[in-house]
Amino acid sequence: MRRHLHALLAISALPAACACGLLAAAQVPQDIGAVMRLVGERVAEYHRLVQNVMCVERSTVQPIASSLSPDGFSRTVESELRVEFDAEGGTPATANVVRVIRRINGRAPRERDKKDRSGCTDPNPLSPEPLAFLLPAHRDEYRFTSVRSGKENDRAALIIDFASTERTSRPELIEDEHGHDDCFDWTGPISTRGRVWVDATTHDVLRVDRRIDGPVDLRVPWPLQRRHNLPPWVVLERDDQTMRYKPVAFGDPDEVMMLPASIESLTVLRSGLQSIRRIETFSGYRRFVTDGRIVKEP
């Protein structure tokens, strides 16, 4: 099994930007560079505000067969989620999603969950915030190729296509860094492409789709081949993800923020590793205001 399906991205994750302090509803420039500058500003503003927000993430992983039908029992993990920033030296602060697991299949977490094979697909306690790729600091890693008008969930939107700048994939299979039995991830670049929907007026992110560029060969180092009886190559056939966002209203003071509604992921592997489907939902939003009060989602 692959452990961290939304580590790019994802995802899983508090993307999008706050709807307060909206940009003026002037005519939206269709130049891709100008649009990406506005989108980057919205994501940066969100990162500034989101440190005061927490929520509950519910992640359900279903093993699937090659036909994409269920193959065994699902596992549901509920976590408390927040975003923190990590600054090292003179580099810009990095936004990370921090999770604290509260329930696993309806029960409290147990010590053996930290190493047992059944915990292989549990969400990573620390993962990158998935919309950071839209910030100027990461702009060289992607090519934003076109922008056009459209709709998303009945809202006027701009649809932006993107692709990795590095078009060559050279990933390698590795064992799970947290020590779960028979659990694997991969490291190294994988070429991806996708699409971003942003509000046509505010440039808040409404949806992100991402997928790999066709089947990718994952090289299996000789020690892993010998230890786990794996072939020299494992094929990653699909790694798709869709992230959707919704407006969340807070009171006292009144404020509306665009926050994640759901993340759906599909990872299909061949050559002996388990394929999975993951669905994450986000609810129970709480905002901490400056005087120490906690404001809940209505």
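All residue numbers refer to positions in the sequence shown, counting from 1. All heavy atoms count here, side chains included; hydrogens, waters and symmetry mates do not.
- For the residue pair L173 and P221, the shortest heavy atom distance occurs at O-CD, 3.4 Å.
- Between the side chains of H228 and E175, at least one donor N or O sits under 3.5 Å from an acceptor N or O.
- Of the inter-residue distances, the one linking R207 atom CZ with S262 atom OG reads 9.5 Å to the nearest 0.5 angstrom.
- For the pair R210 and F162, the cation-pi test (distance below 6.0 Å, angle within 45°) is failed.
- Residues Y245 and P260 approach most closely at CD2-CA, 3.5 Å, considering heavy atoms.
- For R58, the CZ atom is loosely surrounded, since the number of other residues' heavy atoms within 6.0 Å does not exceed 12.
- Considering every non-hydrogen atom in both I101 and I104, the closest pair reads CG2-CG1, 3.8 Å.
- Under the 4.0 Å criterion applied to side-chain N and carboxylate O atoms, R287 and E255 are assigned as salt-bridge partners.
- The CG atom of D31 lies 10.0 Å from the CG atom of L38; values are rounded to the nearest 0.5 Å.
- Remark: side-chain polar atoms of H203 are not paired, donor with acceptor, to backbone N or O of V198 under 3.5 angstrom.
- No more than 12 heavy atoms of other residues, nucleotides or ligands sit less than 6.0 Å from atom CZ of R112.
- With respect to E84 and R82, a salt bridge is recorded, a charged nitrogen being found less than 4.0 Å from a carboxylate O.
- Across V196, I160, T242, a single residue satisfies side-chain contact (heavy atoms from CB on, under 4.5 Å) together with V208, and that is V196.
- At a cut-off of 3.5 Å, with distance as the only test, a side-chain donor of T60 or T76 sits close to an acceptor on the other residue.
- Below 30°, between 30° and 60°, or above 60°: for Y142 and F144 the angle between ring planes is between 30° and 60°, a tilted geometry.
- Pairing each heavy atom of E152 with each of W197, the nearest pair is CB-CD1, 3.8 Å.
- Residues S275 and R238 have side chains that never bring a donor and an acceptor to within less than 3.5 angstrom of each other.
- Counting only heavy atoms from C-beta outward, the side chains of R75 and D122 approach each other to under 4.5 Å.
- At a threshold of 4.5 Å between side-chain heavy atoms, the hydrophobic network of Ile, Leu, Val, Met, Phe, Trp and Tyr places V216 and I174 in two separate groups.
- Minimum heavy-atom separation, S164 to R143: O-NE, 4.1 Å.
- In this structure, a donor-acceptor pair under 3.5 Å is present between the side chains of S59 and R278.
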When you look at D176 and C120, which way does the side chain to side chain contact (heavy atoms under 4.5 Å, CB included) test go after all the steps? CA-CA 8 Å; D176 171 47; C120 177; 5.8 Å; no
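- Here Y46 contributes atom OH and L134 contributes atom CG; the two are 13.0 Å apart, rounded to the nearest 0.5 Å.
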What do the steps show when you test R155 against K151 for side chain to side chain contact (heavy atoms under 4.5 Å, CB included), and what is the final call? CA-CA 5 Å; R155 296 177 67 161; K151 279 197 170 184; over 6 Å; no
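- Atom CG of D116 is separated from atom CD of E111 by 12.0 Å, given to the nearest 0.5 angstrom.
- Taking hydrophobic clusters as Ile, Leu, Val, Met, Phe, Trp and Tyr residues chained together by side-chain heavy-atom distances below 4.5 Å, F85 shares a cluster with L81.
- Judged purely by distance below 3.5 Å, without hydrogens or angles, the side chains of S169 and S191 never pair a donor atom with an acceptor atom.
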Where do D217 and R170 land on the side chain to side chain contact (heavy atoms under 4.5 Å, CB included) test, with the steps shown first? CA-CA 8 Å; D217 291 331; R170 297 184 298 275; over 6 Å; no
CA sep, side-chain torsions, deciding dist, call: T145, D161, side-chain hydrogen bond (donor to acceptor under 3.5 Å, both in side chains): CA-CA 6 Å; T145 56; D161 292 327; 4.9 Å; no
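- Note on R193 versus D213: salt bridge recorded, some NZ/NE/NH1/NH2 to OD/OE distance being below 4.0 Å.
- Residue L230 comes nearest to L273 through the heavy atom pair CD2-CD2, 4.1 Å, listed as atom of the first residue, atom of the second, then distance.
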Verdict with reasoning, L218 to V235, per side chain to side chain contact (heavy atoms under 4.5 Å, CB included): CA-CA 6 Å; L218 308 177; V235 179; over 6 Å; no
